[in-house]
There are 2 protein chains.
Amino acid sequence: MIPNNNSRKMFLEIVKQLRQLIHDENIAVGGKLPSERELAERLQVGRSTVREALRSLELLGIIETRRGEGTFLSDFRKHQLVELLSTFILQDVKSKKDVHTTMQALEKDAIRTICMTDVLHKQSIWDAFLDKLHEEVLQEDIIREIIIISNNRLALKIWFLLKQFADEPYHSFMNVEEKKAWKLLLTNLKVGNEQQAISYYNEWKLLTNRGEIK
Amino acid sequence: MIPNNNSRKMFLEIVKQLRQLIHDENIAVGGKLPSERELAERLQVGRSTVREALRSLELLGIIETRRGEGTFLSDFRKHQLVELLSTFILQDVKSKKDVHTTMQALEKDAIRTICMTDVLHKQSIWDAFLDKLHEEVLQEDIIREIIIISNNRLALKIWFLLKQFADEPYHSFMNVEEKKAWKLLLTNLKVGNEQQAISYYNEWKLLTNRGEIK
DNA sequence: AACTATGAGTGGTCAGACCACTTTGTAATT
DNA sequence: AATTACAAAGTGGTCTGACCACTCATAGTT
């Protein structure tokens, strides 16, 4: 229960336990964490050790501290940590390509899952999406909805994380051709035609890659 | 020169200065940084403040510390962020089913990618794998190889991470039936027959889920 | 009722003390 | 002379206690 062995790095253990604590106490974004002194006592470590863990999470943008007030869980999906880290990490083209490839894997799987599940593709929501195509619609909005409906929250979260590293097609509006591909995709989706749906997905992907040189 | 104002967050300043120091002294990857005590004196701050900055960089994977030896600049291209953030993301995902589903999405995509790419499926390595099936072989070993060959390092990283949360089929050896399914899978894989390969993949998945109640 | 002062609570920083571990140099042994 | 054993120095890991600066609620004053 108490891994206070010396060989292990205690501050990493505290990071782990903080994660657990946030989950157990159901602390929401913006919520307040226990004070450093209280954490030290509860976790049976010195305050400096707690601080090392907290400072690490702060640099990551996971928490936010305000002197005199306390430590708060922050919305790390927004903050600039992605920019900070991307300068170190996903620099080379190969990595960016991996991001897109992996996102496509998740997207296709969502489509396939929906096609194979009666209760999912036989929903009236697809007609609502088809209507939406007459308005201005962002590429990412409709895809996000599809992944949501596929009912894999983990995949959704990973996809959401990756999207912040991906730049190209997701933040733009659809043009006429893309809307056409989506119309065909959705039409096949709502009758559970996996083959055709994936086929039109691939067609859409070819369209969004306009201008990109690989 | 010395921003020891109280309003500013000192440890963030130290992070900045450490980056400057690494640049100025031209410390290469694997090189040694000054000791914590020396840094504290040179930067005119307490050792604990230096440590908070160092621990942050360590959690980011930018530096590496070895007790008794010192602090070293590490290769930050092996990004730790996906692991870190994903573990924080995974906290509120209760269902392990999502983990399995997502892993399967990555696995299937690797198989499909290989089938669709001549240079990948027309490799002699598949014959080597078929030979291996005569020995004791772990489920995860062969899948890992497939994802590696699909040449998406990000997907591999995510898959590897998820595997730590998934216990069921991956850590066990194959039985006779599973080997049979794999044999058929690999046979179709090496001729690029995507449909059949996926089909036998699904068959294998049914086998590994023996005893599991969903 | 509005304002002020005070104190409790919180994060920010520092100094000093051990501990555990690695390396290195030196003394003892062979 | 070579090897071994041991002691010391250096390093990161952790804890403690002490201030400081700041925020906030509240008791007290006007």
Side-chain angles (χ1 to χ4, degrees), chain A residues 1-18 21-22 25 27 29-74 76 79, chain B residues 1-18 21-22 25 27 29-74 76 80:
Chain A
M1 199 63 195
I2 305 171
N4 53 357
N5 313 343
N6 30 21
S7 63
R8 213 47 174 295
K9 297 211 173 182
M10 215 46 181
F11 104 92
L12 286 177
E13 195 63 42
I14 299 302
V15 169
K16 205 168 164 183
Q17 299 212 15
L18 284 175
L21 185 145
I22 290 172
E25 311 218 345
I27 299 176
V29 168
K32 191 170 181 300
L33 273 66
S35 74
E36 296 179 350
R37 290 170 177 85
E38 184 185 339
L39 284 173
E41 194 175 0
R42 278 171 62 172
L43 303 180
Q44 284 293 291
V45 294
R47 190 182 156 208
S48 54
T49 303
V50 169
R51 280 185 60 82
E52 290 181 6
L54 287 175
R55 263 0 91 211
S56 300
L57 296 182
E58 182 175 6
L59 191 65
L60 273 175
I62 292 175
I63 62 171
E64 180 186 353
T65 57
R66 296 196 285 272
R67 175 187 285 187
E69 297 184 53
T71 306
F72 304 85
L73 188 61
S74 75
F76 56 94
H79 223 271
Chain B
M1 198 63 196
I2 307 171
N4 52 358
N5 314 343
N6 29 22
S7 62
R8 209 50 172 294
K9 297 212 172 184
M10 214 46 179
F11 103 92
L12 286 178
E13 197 61 43
I14 300 302
V15 169
K16 204 169 165 183
Q17 299 211 15
L18 282 176
L21 183 146
I22 289 171
E25 310 219 347
I27 299 176
V29 168
K32 192 170 179 299
L33 272 66
S35 73
E36 296 180 351
R37 290 169 177 84
E38 184 184 339
L39 284 173
E41 195 176 359
R42 280 171 60 173
L43 303 180
Q44 284 293 292
V45 293
R47 190 184 156 207
S48 53
T49 303
V50 170
R51 280 186 61 81
E52 290 182 5
L54 287 175
R55 259 6 87 211
S56 299
L57 296 180
E58 181 175 8
L59 192 63
L60 273 175
I62 291 176
I63 63 171
E64 180 185 354
T65 57
R66 295 196 284 273
R67 176 188 288 190
E69 298 183 53
T71 306
F72 304 86
L73 188 61
S74 81
F76 40 67
Q80 206 156 352

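As a basis for the values below, the full set of heavy atoms in this structure was taken, side chains included, without hydrogen atoms, waters or symmetry mates. On a predicted model such as this, the values are computed, not experimentally measured, just so you know. Below, read A as the first sequence line, B as the second, and so on, with proteins coming before strands; counting in each chain starts at 1.
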Non-hydrogen atoms of A/Leu73 and A/Ile27 that approach each other most closely:
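Taking every non-hydrogen atom into account, CD2-O, 3.3 Å.
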
Any idea which heavy atoms bring A/Lys32 and A/Glu69 closest together, and the distance?
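For A/Lys32 and A/Glu69, the tightest heavy-atom pair comes out as CE-O, 3.4 Å.
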
[N], OP1 or OP2 - any side-chain N/O from [X] closer than 4.0 Å?
X	N	value
B/Thr65	D/dG13	yes
B/Thr49	C/dG12	no
B/Arg66	C/dT23	no
A/Arg67	C/dG9	no
A/Ser48	D/dT16	no

Start with the C-alpha distance between B/Leu39 and B/Leu21, add both sets of side-chain angles, then the distance that settles side-chain contact (heavy atoms from CB on, under 4.5 Å), and finish with yes or no.
CA-CA 10 Å; B/Leu39 284 173; B/Leu21 183 146; 3.8 Å; yes

Please classify the nucleic acid contact of B/Gly46 as base, sugar-phosphate, or nothing, using heavy-atom distances under 4.0 Å.
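Sugar-phosphate, no base atom in range.
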
[X] has a side chain; which of [options] sits nearest to it?
X	options	answer
B/Arg51	D/dG13, C/dT13, D/dC24	D/dG13
B/Val45	D/dG12, C/dT23, C/dC14	C/dC14
B/Arg47	C/dT13, C/dT22, D/dT14	D/dT14
B/Glu36	D/dG12, C/dG12, D/dC15	D/dG12

Expressed in angstrom and rounded to an integer, what is the separation of [X] atom [atom1] from [N] atom [atom2]?
X	N	atom1	atom2	result
A/Glu64	C/dT10	CD	P	17 Å
A/Glu13	D/dG13	CD	P	15 Å
B/Phe72	D/dG10	CZ	C1'	12 Å
A/Gln44	D/dC15	CD	P	10 Å
A/Glu41	C/dG9	CD	P	13 Å
A/Glu52	D/dG13	CD	P	8 Å
A/Leu57	C/dG11	CG	C1'	15 Å
B/Lys32	C/dT23	NZ	P	11 Å

Just to verify, what does A/Thr65 make a side chain to side chain donor-acceptor pair (under 3.5 Å) with, not counting sequence neighbours?
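Checked A/Thr65 against side chain to side chain donor-acceptor pair (under 3.5 Å); matches are A/Glu58, B/Lys9.
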
Test: A/Glu25 and A/Arg42 ion pair at under 4.0 Å:
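Here A/Glu25 pairs with A/Arg42 in a salt bridge, since their nearest N and O are under 4.0 Å apart.
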
Is there, by distance only and without an angle test, a donor paired with an acceptor across the side chain of B/Arg55 and the base of D/dG13 below 3.5 Å?
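When only heavy-atom distances are counted, B/Arg55 does not reach the base of D/dG13 through any donor-acceptor pair under 3.5 Å.
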
